[in-house]
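The block underneath contains the structure these notes are about, expressed in structure tokens.
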Amino acid sequence: MLTYSKISIDTQFYIVTYDSQEIALMPQEYQLLVLFLRYPRHVLSYELIVDQIRENLDQPPTHSTVTPHIKQLKQALKKAQIDEEIVEMVDNFGYRLKPLSQAEKSPSVRMMPSFALMQKFLKAKAIEYIVIDQELNVQSISPGGYNYCDDPDTLQVGQPVGKPFPELTGLKRIVTKLIEGKIETFALPAMARNVNSHCAKSINFFLIGDPDNSQNSQETSLVFVFLEDDSEQMIYRQRLVQSANEAFLLLEKREDFDIEDV
């Protein structure tokens, strides 16, 4: 069950409700809404949204095709008497679920774990990290962080992060927004790796800033880049696509056979 404000999605039965009233969405609108609710604090890049709607388009989508589909989702929600804005654009980086006001958020107890405890948790989840500054230079590396880049020798403290991780090149504005607290997180999911046979084949990047630290002029403003191995999920997705394609081909052959037989 995914929830946001008064919206709830039962992903098992594909039911969307607003304030307990069921609303109807087209398949593509449903998929986009699910995507945003799965990553409520992330700015979703155009590439991720394009990948989500690709299978439902007759021709390969581009960045220019994303905006109309977001607009279509907003219109569908408005048609269902949902007046509040759900999705908003973040400059030219992508879209995100609009942050809820403090009154709409569920109350929670804020407890900060120790850094050592956090490291144990990340290790248990097979997640590594690197720390970068506002100039996109590497400031710290977890022991297993070298296993996530094609050329581990280029991953060094004090060196640009774009050498070992080209995906992070050009994200200076995003990093600045994370440090300033204008956005909470930024995600680059399912980034492929092909060169290094010892490297993870697919990686999820999650960028998290520390706006509280940026208020102290004596401290360097930093951003954590968490690295998650997505290889097994990538293989699973590929198998699903392959199975769907095989089923479609079998269906086509069956239809051709039926036509000839008649």
Side-chain angles (χ1 to χ4, degrees), residues 1-11 14-54 56 61-110 170-190 204-212 214-215 223-226 228:
M1 184 72 72
L2 302 173
T3 60
Y4 168 87
S5 185
K6 298 180 181 180
I7 295 178
S8 296
I9 303 179
D10 186 332
T11 56
Y14 306 99
I15 297 175
V16 182
T17 59
Y18 180 80
D19 200 12
S20 301
Q21 297 297 317
E22 187 172 342
I23 61 177
L25 295 177
M26 298 296 290
Q28 197 168 92
E29 298 163 358
Y30 171 84
Q31 289 179 357
L32 282 176
L33 187 60
V34 168
L35 180 65
F36 283 111
L37 264 66
R38 286 194 188 280
Y39 300 94
R41 296 185 178 182
H42 295 163
V43 177
L44 303 184
S45 63
Y46 287 96
E47 288 77 10
L48 177 61
I49 299 174
V50 163
D51 286 340
Q52 182 69 15
I53 64 179
R54 184 187 305 274
N56 295 315
T62 61
H63 285 195
S64 61
T65 63
V66 172
T67 301
H69 286 87
I70 297 295
K71 185 177 181 180
Q72 185 177 345
L73 171 61
K74 290 183 176 181
Q75 290 174 343
L77 295 175
K78 190 173 182 179
K79 187 177 180 181
Q81 309 301 318
I82 302 177
D83 296 327
E84 59 181 309
E85 285 290 331
I86 304 298
V87 179
E88 64 181 10
M89 185 173 71
V90 180
D91 291 341
N92 292 317
F93 297 114
Y95 290 86
R96 69 174 177 181
L97 205 61
K98 188 175 180 180
L100 295 172
S101 65
Q102 195 63 34
E104 296 174 294
K105 295 180 180 178
S106 300
S108 59
V109 178
R110 192 171 182 180
L171 291 185
K172 191 171 182 179
R173 290 179 63 190
I174 285 290
V175 168
T176 299
K177 287 180 178 293
L178 288 167
I179 289 174
E180 293 176 350
K182 293 181 178 179
I183 58 175
E184 294 186 355
T185 62
F186 183 79
L188 290 172
N204 294 327
F205 290 82
F206 299 100
L207 283 69
I208 301 177
D210 186 4
D212 295 332
S214 66
Q215 304 300 320
V223 167
F224 277 78
V225 182
F226 294 96
E228 180 182 29

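Between the Asn204 side chain and the Ala190 main chain, a donor and an acceptor come within less than 3.5 Å of each other.
Among Gln75, Gln72, Lys74, the single residue meeting the side-chain hydrogen bond (donor to acceptor under 3.5 Å, both in side chains) criterion with Glu29 is Gln72.
Counting heavy atoms from C-beta on, the side chains of Met26 and Gln28 never come closer than 4.5 Å. By the 4.5 Å heavy-atom criterion applied to side chains, Ile15 and Tyr30 are not counted as neighbours. A heavy-atom distance below 4.5 Å is not found between the side chains of Ile7 and Thr17. You'll find the side chain of His69 reaches within 4.5 Å of the side chain of Leu32, heavy atoms only. Residues Leu37 and Ile9 form a side-chain contact, since some pair of their non-hydrogen atoms from C-beta on lies under 4.5 Å apart. The side-chain heavy atoms of Phe206 and Val225, taken from C-beta on, include no pair separated by under 4.5 Å. In this structure the side chain of Ile183 reaches within 4.5 angstrom of the side chain of Arg96, judged on heavy atoms.
Within the model, atoms CG of Leu2 and OG1 of Thr11 stand 5.5 Å from one another, a figure rounded to the nearest 0.5 Å. Glu228 contributes atom CD, which lies 11.5 Å from atom CZ of Phe205 (distance to the nearest 0.5 angstrom). Taking CD1 of Ile82 as the start and CD1 of Ile23 as the end, the distance is 4.0 Å to the nearest 0.5 Å. With rounding to the nearest 0.5 angstrom, the NZ atom of Lys172 is 10.0 Å from the CD1 atom of Ile179. Separating the CE atom in Met89 from the OH atom in Tyr95 is a distance of 5.5 Å, to the nearest 0.5 Å.
Of the N and O atoms on the side chains of Tyr39 and Thr185, not one donor lies less than 3.5 Å from an acceptor on the other residue.
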Walk me through whether Ile208 and Leu178 qualify under side chain to side chain contact (heavy atoms under 4.5 Å, CB included). CA-CA 7 Å; Ile208 301 177; Leu178 288 167; 6.0 Å; no
Apply ring-ring contact (aromatic ring centres under 6.0 Å, His included) to residues Phe36 and His42 and explain how you reach the verdict. CA-CA 8 Å; Phe36 283 111; His42 295 163; over 10 Å; no
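Shortest non-hydrogen contact noted between Thr3 and Ser8 is CG2-OG, 3.6 Å. Taking every heavy atom of both residues into account, Gly209 and Val223 meet most closely at CA-CG2, 4.0 Å.
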